[in-house]
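The next block holds one structure in the form of C-alpha cells; read it before the comments.
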Amino acid sequence: MSLTVKKTTPKKLHSITHLAIRAILVAVIFVLLLGGFFCYMSYRMSVERSKNMVQNGVEDVYQSMNDNLKDFLTGWTSSFADNFKDADINNRESLEKSMDMMQGLADSGTDYELYVIGNDGKVYASLREQYIGIDLSKDEQTKFFLTDYNGNEECYLEPLRSSVVNADSNTKYIDCRMKNGQGFVRYGIPEENYLSLIRGFLNGEAEHRRLGNTGHLMIVDLTGMIVDSYRGEHTEQMLSDGWPAYDIQAREEMDWERATIFDEDVRVCVRSAGDCVIIGYIPQSEVSEAAWSSVLFELINLLIMASLLILLMIIFFRKRVIRTMRKVVGSLGKITEGDLSEQVSVYDSAELGTLSDGINQTVDALKDMIAREAARIDEELAFAKQIQMSAMPKHLPEGEGFLVHAGMRTAKEVGGDFFNVFMTGDNTLVFLIADVSGKGIPAALFMMETKAIIEEQVAQGLTPGEVFTNTNKSLCMKNEAEMFVTAWIGFLDIRSGKLTMANAGHNPFVYIHGEDMIFEERKPGFILGMLDDFIYEEEEMQLSPGDVIYLYTDGVTEARGETGLYGEERMLEVLKNTLIHQESDLPTALCDAVNRDVDTYTDGDEQTDDITMVCVQYTGSIHV
C-alpha cells in the first residue's frame, strides 16, 4: 500500500569536509609564507642587534674616555688661563708675575709648552723667554681658534701635531681663552707624555667591557700599541701583530666590516678618538649563531602556531558539522506518530509503527554522533593545552646561592600565562612571569610568540630593559589583533645578590626581607605590544641572604569566591603565616600555601583564569 507523508526537508548541505580541507590548506600556506618573512626579518634584526651592540660598546668607551680626558685637559688649561685674568698682555711686569706661578712646569725637565698669545697671533709670554715675540698668526690652528672656532666651550683641543718650536716632535695643544678678552693661553704636552696620560685615563674602559659572549674592545695609541683590551688579553701587544691590514696612522673609521683579527674572522667597528683608536669586534661565528638561533626560535614558534591554527580550523568546522546535524535531528524530530496519522491517507498500523521506530533509531544515532564529536573537540582542546604546557620549563634550575619554585595551573581553556626560570652564564639566574590579554587559542598563540622572543633576547646577552624594549618592538610589528602582554623579568647575580629587573605593566611583586613583607609598587613600564617606541628602564636592588621575591599573575588575586575577589591582602596574609612556620624550602611552601588557600576560597568553583606563581629565594651561600 502507498504511504503519503508531508515532511520538512533540511536545507541542502555543502561539502563541509572539502571546504574545511581547503580552508586549512590556505591557512597553513599563509602561515608558512608569513613565517618565512618573519624568519628573514628575525635574521636581519639579530644581525642588526649584534651590530648595534658593538657600535654602542665602542661609542660608550669613546664618550667615557674622551669626556674624562677632555675634562682634565681643559680644566688644567683653564686654571692656567685664570692666572692671567687680571694681567695685561701689554704690561711685561704683569705677565711675568703671572708666569712665575707656573715656573714649576719649566723646571720639570720636560718639553711642556705654555704660551700667552694675543689676538694678533703673537706670543706675549712663554715658559722659555726665547719664544716670546714669535708670530703664530699664520699657524692654521691659531687662525682657526681666533677667527673660526664657534664652540660653546672656552677651550679647544687641537689634534696631535708638530710642535710650534720643534717640527721633529709632536705635541698636543689645548687652547683656552683669557677672560680679559686679550687673547688665549696655549698649553702643549709632548706626545710621549700625552700618550702616557691617555693610558692613565683609560681606567679599564675596555678591560671590563665585553661584547656579547666572545667579543672584544681594544684601545690603540698612535704608536700602534694596544694600551687597553678586554681582560688585558692583548694589552701591550702591537696591533700590527694581530691586524696587519689596518693602518693605525690613517686612523680609518669602520662600520661593521669583515676583518681578520688575531686569526679570527670578525665583524669590526673602529672609531678614531683623535689621538687613539677604539676597536670593537665580535666573531662572525657568534653573529651567525645568534642570527640562526633567532630564526630557529621563529621556526619553532611557527610550527606551534601552525599546529594550533590547524586545530582551531578543525574545531571550527566540526562545530559547523554538529550544528548541521542538530538541524537535521530537529527536522526529523518533528515527524512524530501523531503527525503521520494526520497525513497518511491509507495506512497499516504495523507499517506505521515500523516507520516510527526507524525514525527514532535515526535520531538516537545522530545524538550519539553529536556526543562523540563534542568529546573529540574536548580532546583536541586538551591537546592544545598540552602544546601550551610543553612550552613551560620541565625542570627548574638548582644550585648554590638560590632556591626556586614555579608553576602554573591552567583554566579550562588554553590561556595566556607563562613563566620561565633558567641560568644564563655561570652566575646569573633569569626568572620571568607574564600574562597575555584574553583567553583561548589566540592568547595561547600570542603567548608562545612572546615567550620565544623574550628568551631569544636573553640569549643575545641583553639586559632586562633591552630585552623588553626589543620584545615590544617585535610584538608591535605583527600585532594586528592588538593583544598585549604584562610581564616582569629579573636577572639575579647569585654571587653578589644584585637583582636587576624590568616591569612591563605587571603586578607589583612581594619582597620578603627577614620578617618584613613588602609590596614593591615600583613604577612599571608600559605593557608589551602596544607602543613600539617605548624604552623600558631597569631597576636594581641588593638582596641579602634569605630574601625572597614572590611573583604572581592576576589569576591569584582575581579568583572569585562568595564574598568577591581573593585580593592582595588575603594573599599577603597567607604568605606571612607561611613565613612564620616554614624553615626550609620557603619558595615551595609559599606557592603551595597560596594555591591551597585559593582552592579553599573558591570552594571548588570552576577556575576562570590561569594561576601562575614564581618564587625565588637568595640564600647567599655560593662559593666563588
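- Between Val485 and Ala434 the shortest heavy-atom distance is CG1-CB, 3.9 Å.
- With contacts defined as side-chain heavy-atom distances shorter than 4.5 Å, the pair Arg267/Ser50 does not qualify.
- No side-chain heavy atom of Ser544 sits less than 4.5 Å from a side-chain heavy atom of Tyr618.
- Checked by atom type and distance alone, the side chain of Ser437 pairs as donor or acceptor with a backbone atom of Phe484 at under 3.5 Å.
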(request) Begin from the C-alpha positions of Thr463 and Thr500 and carry the test side chain to side chain contact (heavy atoms under 4.5 Å, CB included) through to its verdict. (result) CA-CA 8 Å; Thr463 64; Thr500 307; 5.8 Å; no
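- Within the model, atoms CG of Asp435 and CG of Asp417 stand 4.0 Å from one another, a figure rounded to the nearest 0.5 Å.
- Proximity of the aromatic rings of Phe509 and Tyr511 is defined here by a centroid distance below 6.0 angstrom, and this criterion is not met.
- Shortest non-hydrogen contact noted between Ile248 and Asp221 is CG1-O, 3.6 Å.
- In the displayed structure, Glu289 atom CD is contacted under 6.0 Å by at most 12 heavy atoms of other residues, nucleotides or ligands.
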(request) Begin from the C-alpha positions of Thr612 and Asp610 and carry the test side chain to side chain donor-acceptor pair (under 3.5 Å) through to its verdict. (result) CA-CA 6 Å; Thr612 307; Asp610 295 343; 5.7 Å; no
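- Heavy-atom minimum distance, Val614 versus Leu432: CG2-O, 4.0 Å.
- For the atom pair CG (Asp265) and CG (Asp263), the distance works out to 11.5 Å, reported to the nearest 0.5 Å.
- Between His234 and Phe262, the ring planes lie parallel to each other; the angle is under 30°, not in the 30° to 60° tilted range.
- In this structure, the side chains of Val458 and Phe491 come closer than 4.5 Å at one or more pairs of heavy atoms.
- Residues forming a side-chain contact (heavy atoms from CB on, under 4.5 Å) with Pro244 (at least two apart in sequence, or on another chain): none.
- A perpendicular orientation is assigned to the rings of Tyr552 and Phe519, their planes being inclined by more than 60° (bins at 30° and 60°).
- Listed for the Ser229 side chain is a donor-acceptor partner under 3.5 Å among the backbone atoms of Glu233.
- Ring pair Phe534/Tyr536 is perpendicular by interplanar angle, where above 60° counts as perpendicular and below 30° as parallel.
- Judged by distance alone, the side chains of Gln141 and Asp175 never bring a donor and an acceptor atom under 3.5 Å apart.
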(request) List the steps, then state whether side chain to side chain contact (heavy atoms under 4.5 Å, CB included) holds for Val58 with Leu217. (result) CA-CA 7 Å; Val58 170; Leu217 278 165; 3.8 Å; yes
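- Residues Met501 and Glu520 are not in side-chain contact: their nearest non-hydrogen atoms beyond the backbone lie 4.5 Å or more apart.
- Within 6.0 Å of NZ on Lys498 lie no more than 12 heavy atoms contributed by other residues, nucleotides or ligands.
- A donor-acceptor distance shorter than 3.5 angstrom exists from the side chain of Asn472 to the backbone of Leu531, with no hydrogens or angles considered.
- Atoms OH and CE, from Tyr550 and Met517 in turn, are 10.5 Å apart once rounded to the nearest 0.5 Å.
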(request) Take Val270 and Glu252 through the test side chain to side chain contact (heavy atoms under 4.5 Å, CB included) and record every step on the way to the result. (result) CA-CA 7 Å; Val270 180; Glu252 178 188 1; over 6 Å; no
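- Proximity of Phe419 to Leu551: side-chain heavy atoms (C-beta onward) are nowhere separated by under 4.5 Å.
- In this structure a side-chain-to-backbone donor-acceptor pair under 3.5 Å is missing from Gln617 to Pro587.
- Here the side chains of Ile512 and Leu590 are in contact, with some heavy-atom distance below 4.5 Å.
- More than 12 non-hydrogen atoms from other residues, nucleotides or ligands lie less than 6.0 angstrom from CH2 of Trp256.
- Here the closest heavy-atom approach between residue Asp547 and residue Gln542 is recorded as OD2-O, 4.5 Å.
- Closest approach of Thr619 to Phe402, counting heavy atoms only: OG1-N, 3.3 Å.
- Gln55 is listed as a side-chain neighbour of Asn52, based on a closest heavy-atom distance under 4.5 Å.
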(request) Quick one: do Arg49 and Gln457 satisfy side chain to side chain contact (heavy atoms under 4.5 Å, CB included)? Show the steps, please. (result) CA-CA 10 Å; Arg49 281 193 295 270; Gln457 302 303 316; 3.5 Å; yes
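- The CD1 atom of Ile527 lies 8.5 Å from the OG1 atom of Thr486; values are rounded to the nearest 0.5 Å.
- For the atom pair CG (Leu396) and CG (Leu403), the distance works out to 11.5 Å, reported to the nearest 0.5 Å.
- With Cys269 as reference, Asp255 is the one residue of Asp255, Ile282, Ile279 to meet the side-chain contact (heavy atoms from CB on, under 4.5 Å) rule.
- Asn170 places none of its side-chain heavy atoms less than 4.5 Å from the side chain of Tyr194.
- Enclosure of atom CD in Glu537 is not indicated, since only 12 or fewer non-hydrogen atoms of other residues, nucleotides or ligands lie within 6.0 angstrom.
- The OG1 atom of Thr471 sits 8.0 Å away from atom CD1 of Ile489, with the distance rounded to the nearest 0.5 Å.
- The two residues Met530 and Cys476 have their closest heavy-atom pair at N-SG, 3.5 Å.
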